[in-house]
Novice: 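Can you keep this structure in mind? I'll have questions shortly.
In what follows, chains carry the letters A, B, and so on, assigned in the order in which the sequence lines appear, proteins first and then strands, with residues in each chain numbered from 1.
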Amino acid sequence: MGVNDHNLSQQTLAGLAAGLADGDFSARELTEALLERIEATRVLNAFITVTPDLALEQADMADRRLAKGEGGPLNGLPIVHKDLFCTRGVLTTCGSRILDNFVSPYDATVVERLAAAGAVMLGKTNMDEFAMGSSNETSNFGPVKNPWDLSLSPGGSSGGSAAVVAARVVPAATGTDTGGSIRQPAALTGTTGIKPTYGRVSRYGMVAFASSLDQAGVITRSAEDAAMLLSVMAGHDPRDSTSVDHPVPDYVAGLERPVAGMKIGIVRQHFDEGLDAECGARVREALDALAAAGAELVEVDLPNIGLSVPTYYVVAPAECSSNLSRFDGVRFGHRADDPRDLHDLYCRTRGEGFGAEVKRRVMTGTYVLSAGYYDAYYLKAQKVRQLISEDFRRAFEKVDVIAGPTAPTTAFAIGEKTDDPITMYLNDIYTIGANLAGLPGISIPCGFAGKLPVGLQLVGPHFAEETLLACAHQYQGLTDWHKIGPGDVS
Amino acid sequence: MSLTKEQVEHIASLARLELRESEFDDVVAKLSRIVDFVDQLQAAPTDDVLPMAHPLNMTQRLRADEVTEPNARDDYQANAPAIEDGYYLVPKVID
């Protein structure tokens, strides 16, 4: 059987790992096939940088290890990184003009760990500028197209990562999630996306947006593949003082935990008038399937969850306005021409380098932290955040996971929600709570509304990734939604 | 409109952001919309609530005060817009 008969881009990481181990194809053949697939699907605009030379070099190294019976758990397996993970010697733009010439001098810990496990990096994916957006439209490199319908957005901010995994270009991509940026695009593209517990994965080398909310995760086509990657990525890193020193379980071994006996919480507020009726129906069917498999559905209340979006839009912009002060045109990135003085250098560099949404968030953050407004906005939001976290803590005394919709609608048209920032912000109404409380969450495909995929979100208590992945994997054993792709996009 | 053009000019100056004249109306309208939206937090009763300082309510880890990073100045300066003799160049600050 020749390499082409394996349809390599259709396979999951687990399937590819078996094929490599059995000698059905080499890491070089796999890498060449996927690089071809990347070229054939350029219409998605999902990549900012493709790294064929580096990928083939890494693939050859993986083949040499394979020949010697060596190699880590991901030896020869392909991965692409969201373009806010620093990659040594490779452009790292964060989707922004202000970093459009930035070649990182070091690797992010996530990049380093995946490479050390043998993974082959094929490129860097497009994203909302500095991860600020829910549609991939704020990218300086143009919007990503949703492979289910090229006139639609794949969601964001990890839109490029979600689009390439959904379109069967690559099996897995890294992403980051500050308010839903892994889970929402996973839902809108019919992929599996996990945001771990705050501090579970190192943020070292991840360009910071909101440091108390940001967390790295992955987008894949199965919970099993997510478990394979997370087992490598998770763990304490001395270079990130907020990464947590907590044992990393073998997430793959944990997948076999049955859902029978699991208590699944249903939040009444998640099914109110904001939710599209057909999306709601698919989510209810998924809950019924889990109940039929022996899970117990329990109603829980999150009385303050309705305040999560306004809370987020104080806390996240405040942190972003501090973090983005480093972009000053002095040490790296874009610099305005012929500055009159230092103030002019700062103002014009940033005015030219940042897009409209990033400017709005920097200014919102500056406002809520400024003298006279700090108590009314920032301090108030951090108090409401405590109330929201407390609601979750109480709910998890009764249940193992909370299940509901990931997003209020299926994928929307590019350009549809750009006029009003609040309309865009409300895309993340179901996902933001987990970030505010530092909780892990996963989105998995649970059917279709019309021709478009719908996502089921599972949220767990701190460090319950194992439970989420097991529940998702068991659901994916009962259903085939995660195996259905959008068909040809090229 | 909850914010005036003057307030937005002041915020932009604090944030070191130059806005083009053509951007102003849109920025004032959208920032006002955002401020109005987050204003709904004011109604939440939070009298006895401690503000959240860490998502896991943890304290920051400490480490020994040891040098762990090598000097990589040349690597870092490769990205700089203007350098000379290992220094970063900026417009004259002091006369």
Novice: Which atoms of A:Leu324 are under 4.5 Å from chain B, going by heavy atoms: the side chain, the backbone, both sets, or neither?
Specialist: neither
Novice: Relative to chain A, which of B:Arg20, B:Met52, B:Gln42, B:Glu18 shows the most heavy atom pairs under 4.5 Å?
Specialist: B:Met52
Novice: To the closest 0.5 Å, what do you measure between CG (B:Leu56) and OG1 (A:Thr242)?
Specialist: 9.0 Å
Novice: Can you tell me which of A:Thr311, A:Thr197, A:Leu345 forms the most heavy-atom pairs within a distance under 4.5 Å of chain B?
Specialist: A:Thr311
Novice: At what distance, to the nearest 0.5 angstrom, does CZ of B:Arg16 lie from OG of A:Ser325?
Specialist: 11.0 Å
Novice: Looking at A:Leu439, A:Asp245, A:Asn304, which makes the most heavy-atom pairs under 4.5 Å with chain B?
Specialist: A:Asp245
Novice: Working note: B:Asp39 + A:Tyr377, criterion side chain to side chain donor-acceptor pair (under 3.5 Å); need CA distance, chi angles, decisive distance, verdict.
Specialist: CA-CA 8 Å; B:Asp39 262 338; A:Tyr377 289 107; 2.9 Å; yes
Novice: Quick one: closest heavy-atom pair of B:Leu17 and A:Gly351, and the distance?
Specialist: CD2-N, 4.2 Å
Novice: Flag the one option from A:Ala376, A:Gly199, A:Gly333, A:Ala336 with the top tally of heavy-atom pairs under 4.5 Å to chain B.
Specialist: A:Ala376
Novice: Roughly how far, to the nearest 0.5 Å, is the OH atom of A:Tyr373 from the CD1 atom of B:Ile11?
Specialist: 8.0 Å
Novice: Less than 4.5 Å to any heavy atom of chain A: does that hold for the side chain of B:Arg61, its backbone, both, or neither?
Specialist: both
Novice: Taking the side chain as every heavy atom from C-beta outward, state whether B:Asp75 and A:Arg88 have any atom pair closer than 4.5 Å.
Specialist: yes
Novice: For the residue pair A:Asp419 and B:Lys30, what are the closest heavy atoms and their distance?
Specialist: O-CE, 3.0 Å
Novice: When rounded to the nearest 0.5 angstrom, what is the spacing between OG in A:Ser104 and CG in B:Asn79?
Specialist: 8.0 Å
Novice: Side chains of A:Gln382 and B:Thr46, heavy atoms from C-beta outward: is any pair under 4.5 Å?
Specialist: no
Novice: Report which part of B:Ala72 has an atom under 4.5 Å of a heavy atom belonging to chain A: side chain, backbone, both, or neither.
Specialist: neither
Novice: Taking everything shown except B:His10 itself, do over 12 heavy atoms lie less than 6.0 Å from its NE2?
Specialist: no
Novice: Between atom CZ of A:Arg335 and atom CG of B:Leu89, what is the distance when rounded to the nearest 0.5 Å?
Specialist: 7.0 Å
Novice: For residues A:Tyr367 and B:Leu14, determine if any side-chain heavy atom of one lies less than 4.5 Å from a side-chain heavy atom of the other.
Specialist: no
Novice: Can you tell which part of B:Ala43 gets under 4.5 Å to a heavy atom of chain A, answering side chain, backbone, both or neither?
Specialist: neither
Novice: Name the region of A:Val309, side chain, backbone, both or neither, that has any atom closer than 4.5 Å to a heavy atom of chain B.
Specialist: both
Novice: Using non-hydrogen atoms and a 4.5 Å limit, figure out which bit of B:Val90 sits close to chain A: side chain, backbone, both or neither.
Specialist: both
Novice: Using non-hydrogen atoms only, which part of B:Gln7 is less than 4.5 Å away from chain A: side chain, backbone, both, or neither?
Specialist: side chain
Novice: So which atom in A:Val330 and which in B:Pro81 form the shortest heavy-atom distance, rounded to 0.1 Å?
Specialist: O-CD, 3.3 Å
Novice: Show, in sequence, the C-alpha distance, side-chain angles and deciding distance for B:Asn57 and A:His462, and conclude whether the side chain to side chain contact (heavy atoms under 4.5 Å, CB included) test is met.
Specialist: CA-CA 11 Å; B:Asn57 283 320; A:His462 295 137; over 6 Å; no
Novice: May I ask you to decide whether A:Arg239 forms a salt bridge with B:Glu69, counting only side-chain N to carboxylate O separations under 4.0 Å?
Specialist: no
Novice: Quick check: do A:Arg385 and B:Pro55 have side-chain heavy atoms less than 4.5 Å from each other?
Specialist: yes
Novice: Could you walk me through whether A:Asp420 and B:Arg33 pass the side chain to side chain contact (heavy atoms under 4.5 Å, CB included) test, one step at a time?
Specialist: CA-CA 8 Å; A:Asp420 177 20; B:Arg33 179 100 172 87; 2.9 Å; yes
Novice: For B:Leu50, does its backbone N or O pair with a side-chain atom of A:Gln386 as donor and acceptor, under 3.5 Å?
Specialist: yes
Novice: At a heavy-atom distance under 4.5 Å, which candidate from B:Val27, B:Val8, B:Val35 has the highest pair count against chain A?
Specialist: B:Val35
Novice: Let me know if B:Tyr88 has heavy atoms under 4.5 Å from chain A in its side chain, its backbone, both or neither.
Specialist: side chain
Novice: Say you draw a straight line from OG1 of A:Thr364 to CG of B:Leu31; how long is it, rounded to the nearest 0.5 Å?
Specialist: 5.0 Å
Novice: Using non-hydrogen atoms and a 4.5 Å limit, figure out which bit of B:Leu41 sits close to chain A: side chain, backbone, both or neither.
Specialist: both
Novice: Considering only heavy atoms and a distance below 4.5 Å, find which of A:Pro339, A:Ser389, A:Pro310 pairs most often with chain B.
Specialist: A:Pro310
Novice: Quick one: does B:Phe37's side chain get under 4.5 Å of A:Leu426's, heavy atoms only?
Specialist: yes
